[in-house]
S.K.: 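Here's a structure for you.
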Amino acid sequence: MIANLLNVVLGLWLVYAAVLDPAWASANNWALPLAAVVILALALWARASDHRKWQSSVNLVLGVLLIILSGIHWKGAAPPLLMY
């Protein structure tokens with residue numbers, strides 16, 4: 001439960017960075033991969049204690065997608081609209 005709450009807080013921070021301050025999100029190449037790793041770690045922690053596993057499964061998939069997108073962004077191949 002605590003891991004799910006921390007994932008919510010991290011998700012709110014990512015939404016703030018993407019919507020209200022996109023220049024900060026695009027300037028910090030380390031923030032998105034770090035957030036993705038934290039999401040994956042929290043999802044694995046939540047998976048061990050949850051009765052219903054679908055929430056942590058969704059977080060695992062979204063963490064992997066964020067790693068892929070941040071890797072594309074790091075190479076400079078992602079358009080700004082995709083990263084928004």
S.K.: Going through the checks in order, is the side chain to side chain contact (heavy atoms under 4.5 Å, CB included) test met by L42 and N4?
M.R.: CA-CA 7 Å; L42 289 172; N4 290 329; over 6 Å; no

S.K.: Consider side-chain contact (heavy atoms from CB on, under 4.5 Å). Of L14, V37, L69, which one does L32 pass it with?
M.R.: L14

S.K.: If hydrophobic clusters are built by linking Ile, Leu, Val, Met, Phe, Trp and Tyr wherever their side-chain heavy atoms come under 4.5 Å apart, do V8 and L6 end up in the same one?
M.R.: no

S.K.: Would you indicate whether the side-chain heavy atoms of V15 and L20 approach each other to under 4.5 Å?
M.R.: no

S.K.: Starting from V61, can I reach V64 by hopping between I/L/V/M/F/W/Y residues whose side chains sit under 4.5 Å apart?
M.R.: no

S.K.: Taking all heavy atoms of R52 and all of Q55, pick out the closest pair and write down the distance.
M.R.: O-OE1, 2.8 Å

S.K.: Quick check on the hydrophobic clustering: are W45 and V9 connected, directly or via other members, by side-chain heavy-atom contacts under 4.5 Å?
M.R.: no

S.K.: Among N59, V38, V58, which one satisfies side-chain contact (heavy atoms from CB on, under 4.5 Å) with N7?
M.R.: N59

S.K.: Are side-chain heavy atoms of L62 and I39 found at a separation under 4.5 Å?
M.R.: no

S.K.: What pair of heavy atoms forms the shortest contact from K53 to R47, and how long is it?
M.R.: NZ-O, 2.7 Å

